[in-house]
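Single-structure report; data block below.
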There are 2 protein chains.
Amino acid sequence: MVEKQRRKPGETREKLMSAALTLVGKGRHFASLGIREVTRQAGVVPTSFYRHFRNMDDLGLQLVDELGLVLRRMMREARNNVLQADKLMEESVGIFISHVQANRSFFFFMAQGLAGESRAVQEGIRSEMRFFASELANDLRRLRLAEHLSDGDLDMTCDLVVRSVAFSLTDLLGVAPDDDYQIDQIRRRTTRFLQLIFVGAAHWKSEGT
Amino acid sequence: MVEKQRRKPGETREKLMSAALTLVGKGRHFASLGIREVTRQAGVVPTSFYRHFRNMDDLGLQLVDELGLVLRRMMREARNNVLQADKLMEESVGIFISHVQANRSFFFFMAQGLAGESRAVQEGIRSEMRFFASELANDLRRLRLAEHLSDGDLDMTCDLVVRSVAFSLTDLLGVAPDDDYQIDQIRRRTTRFLQLIFVGAAHWKSEGT
DNA sequence: TACCGTTGTGTACAGTTGTTCACTTATGTG
DNA sequence: CACATAAGTGAACAACTGTACACAACGGTA
């Protein structure tokens, strides 16, 4: 007699994905995870894996999609909550950090994927970052905060902003999630990076002429 | 009769390390490499591994040390060849890119290690980057290129510079090594990033007062 | 020359891996 | 209700893994 568990449709799929994330969150690298390991963590029999994914790379790709959702939520919150332009950067960095804390495993996965072994995952994450940068550029245009910059220069600036924040991710994931002191240091530093970049953008090319 | 190969002392050790690097250079992630796999690539029997390393993490740590040498060579070359201050950034980025091309596997390893699973390797690479940033700050002070900045602000600026260049690493490693067009795009973009940062540094705090 | 520590070799073994197969059970549509 | 399909299960396999052991050849030193 086979005891088949009753589950909602797609529940095992979710279990597998979050099992992989859990392992990544525990410090394991996604590239080193095996199918059996993930199914074990998910409390599911190994063969179930193949019902939902072709292999680990496939699972990784689907995680990238979910990561996209997380990033979009973050962006939406930033858009809604950053009202006054003068505190724009402090608040944005704050929102970023709190989202990282709330979805630590996801961001572990993101940081790993940037130099990961699956080209597809890598390209997926990179494209999420490009999207993020272009949305940021739109916002700045809309808020009339960068009217002296050409489109190309604004894109470059936003690209650099996104990269700097993304790099802070590795700092953030390197400290304990409850180490408030260190986290505050990172928050300050990241904010100053962004301020420096925008000071640069404000004077960009205005001196070469 | 056991045919023992004659090798220079430490030759097998080197073979193992460069075998790991080779695999990483082929797109594999360091965290997913196994002892047997590395020894196979090195053309050595699995048990030999333990004569030189306690486990793969240990090998990784020793690779970080060698990476340090590569980075120092790069820094030295930059110091010798960058003579005129106005081309400082173009030339530095150029030297960086050519070193990456010449030691591709090493830089693959570096990019992976930043979000790798061994905390020790991670910390090692991070510390190499800190060292690099502080040396850069020294140089700028020495060349009297940043006299209006406080020590703290100069450190921050150099930190941001190093991070931006390091992030370009992932771009660089993502394109084929002979894709000259793309590489030139990356070179241009990275250079502009640095210029933007230094424009920011030049006007830093001069406006808040 | 005799000796010893280092390094390389071959064999062995238990544990884990990815994947296939034949099966049972649940679910939703006609 | 019947039935096709999706989603779960367990057993099995060959291949591979890390690691241990005993042994052999080398290099240097006394």
Side-chain angles (χ1 to χ4, degrees), chain A residues 1-24 26-63 65-66 112 116-121, chain B residues 1-24 26-63 65-66 116-118 120-121:
Chain A
M1 174 69 88
V2 179
E3 286 285 335
K4 177 166 182 179
Q5 313 283 354
R6 299 189 195 165
R7 305 195 203 277
K8 293 179 189 170
E11 193 187 342
T12 301
R13 203 187 92 107
E14 273 189 25
K15 270 196 180 182
L16 287 169
M17 291 175 71
S18 71
L21 272 187
T22 302
L23 290 170
V24 165
K26 282 182 184 168
R28 299 289 314 281
H29 197 287
F30 184 79
S32 75
L33 298 183
I35 289 178
R36 284 190 112 101
E37 199 179 359
V38 172
T39 54
R40 201 181 311 131
Q41 167 78 28
V44 163
V45 100
T47 27
S48 280
F49 184 91
Y50 297 98
R51 300 283 181 205
H52 305 278
F53 311 101
R54 298 176 53 247
N55 48 41
M56 283 299 290
D57 272 11
D58 188 19
L59 196 161
L61 273 182
Q62 308 209 27
L63 276 180
D65 291 344
E66 284 209 15
Q112 291 183 357
E117 74 180 355
S118 158
R119 183 59 58 110
V121 167
Chain B
M1 171 73 86
V2 178
E3 287 286 336
K4 179 168 182 179
Q5 311 285 350
R6 299 185 197 169
R7 308 197 203 275
K8 293 181 189 170
E11 193 188 341
T12 302
R13 202 186 92 105
E14 273 189 26
K15 270 196 181 182
L16 287 169
M17 291 175 72
S18 72
L21 272 189
T22 302
L23 290 170
V24 166
K26 283 183 185 169
R28 299 289 314 277
H29 193 107
F30 184 80
S32 75
L33 297 183
I35 289 178
R36 284 189 112 103
E37 198 179 0
V38 172
T39 55
R40 201 181 311 131
Q41 168 78 28
V44 164
V45 96
T47 29
S48 278
F49 184 90
Y50 297 98
R51 300 288 181 199
H52 305 278
F53 311 100
R54 299 176 53 246
N55 48 43
M56 283 300 291
D57 272 12
D58 189 21
L59 195 161
L61 272 182
Q62 309 209 28
L63 276 181
D65 291 344
E66 284 210 14
E117 74 179 353
S118 158
V121 168

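Chain letters run A, B, ... following the sequence lines, proteins first, then strands; residues in each count from 1.
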Taking atom C1' of C:dG8 as reference, at what distance in whole Å does atom NZ of B:K15 sit?
11 Å

Does any pair with a residue in residues 30-46 of chain A pass salt bridge (charged side-chain N to carboxylate O under 4.0 Å, His left out), and if so which ones, sequence neighbours excluded?
A:R28-A:E37

Partners passing side-chain contact (heavy atoms from CB on, under 4.5 Å) against B:E14 (at least two apart in sequence or in another chain)
none

Spacing of A:F49 atom CZ relative to D:dG10 atom P, expressed in whole Å
19 Å

Nearest whole Å is fine: how far is D:dT9 P from A:L16 CG?
10 Å

Whole angstroms only, please: what is the CD-P distance between B:E11 and D:dG27?
12 Å

Tell me, please, which residues at least two apart from B:T47 pass side-chain contact (heavy atoms from CB on, under 4.5 Å).
B:V45

Taking 4.0 Å as the cut-off, does a side-chain nitrogen or oxygen of A:R40 come that near to OP1 or OP2 on C:dT17?
yes

Please list, pair by pair, any protein nitrogen or oxygen found under 3.5 Å from a nitrogen or oxygen in nucleotides 18-22 of chain C.
residue, atom, partner, partner atom, Å
C:dG18, OP1, A:I35, N, 2.7
C:dG18, OP2, A:I35, N, 3.2
C:dG18, OP2, A:R36, N, 2.8
C:dG18, N7, A:R36, NH1, 2.5
C:dG18, O6, A:R36, NH1, 2.9
C:dT19, OP2, A:Y50, OH, 2.9
C:dT19, O5', A:Y50, OH, 3.3
C:dT19, O4, A:R36, NH1, 3.3

Under the side-chain contact (heavy atoms from CB on, under 4.5 Å) test, residues paired with A:H52 that sit two or more places apart:
A:T12, A:R13, A:L16

Under 4.0 Å from OP1 or OP2 of C:dG8: is there any side-chain N or O of B:H52 that close?
yes

Going by the salt bridge (charged side-chain N to carboxylate O under 4.0 Å, His left out) test, which pairs reach into residues 41-58 of chain B, not counting sequence neighbours?
none

